[in-house]
Amino acid sequence: MMYKRETPNYDVVIEVLNKIGMTERQLSKLMYGEATHRNIIKNLREKPDIRSSTLVRLCNILCIPIDSLFGKRDGSENNTDIPSIVGNNNVVNSHHIHNDITALKAENTALKMLNQEKDRRIDDLKTSNQTLANQVNLLLEKLGHNQDSNE
């Protein structure tokens, strides 16, 4: 995975704090303890090369993934065309394990063909419905015309 940044983006932390309604001071107390005088945001600004344990603790407190602080490079975000594969055809970014990619692609193609077939059937039924409506109108018109001439 490629990242845009080499150091954590403290703006993301501030954004998350605002979203969850927590102050920088409250976060610092959760990070370093109640009696701390340290400020986590100030530390991120002044010393961005923080320890991995501090980074993990910060992300756990804020309930955010670590990679959200670094930003992924364009093209690497949720690219579903190229799934991550590890081991025996296991797709890492899938909830289903042991599904062969070719089998999934074949199933996807079959479902698309089924949808196309159903669309053609719907069009055929619409045409048949219109033809029947025209024939009923023609029959009613003839019956109405014949009834007028009998009277």
Check whether any side-chain heavy atom of I64 sits under 4.5 Å from a side-chain heavy atom of L58, and report yes or no.
no
Rounded to the nearest 0.5 Å, how far apart are CG of D119 and CG of D124?
12.5 Å
Are the charged groups of R120 and D123 less than 4.0 angstrom apart, N to O?
no
Does a side chain donor of either N137 or E141 reach within less than 3.5 Å of an acceptor in the other side chain?
no
For E6 and F70, work out which heavy atoms get closest and say how close.
O-CE2, 3.9 Å
Decide yes or no for L30 and I40: does some side-chain heavy atom of the first lie under 4.5 Å from some side-chain heavy atom of the second?
no
Between CG on residue L55 and CG on residue L69, distance to nearest 0.5 Å
6.0 Å
Could you check whether any side-chain N or O of T36 sits under 3.5 Å from a backbone N or O of G33, counting only pairs where one atom can act as donor and the other as acceptor?
no
Are the side chains of V12 and N9 in contact, using a 4.5 Å heavy-atom criterion?
yes
Gap between atom OG1 of T7 and atom NZ of K47 - 0.5 Å precision:
15.0 Å
Hey, could you give me the CD/NZ distance between E107 and K112, rounded to the nearest 0.5 Å?
12.5 Å
Tightest non-hydrogen contact, residues M31 and R57, listed as O-NH1, 2.7 Å
If we only count heavy atoms from C-beta on, is the T54 to N43 side-chain gap below 4.5 Å?
no
Is P8 close to V13 at the side-chain level, that is, under 4.5 Å between some pair of heavy atoms?
no
Can you name the nearest heavy-atom pair linking G21 to Q26, along with the distance?
O-OE1, 4.2 Å
Could you give the distance from NZ (K29) to OG1 (T23), rounded to the nearest 0.5 Å?
8.5 Å
In the structure I gave you, are the side-chain heavy atoms of V56 and N60 within less than 4.5 Å of one another anywhere?
yes
Around atom CZ of R45, are there more than 12 heavy atoms of other residues, nucleotides or ligands at under 6.0 Å?
yes
dist E24:CD -> I41:CD1 (nearest 0.5 Å) comes out at 5.0 Å
So, the side chain of T131 versus the backbone of T127: is there a donor-acceptor pair under 3.5 Å, distance only?
yes
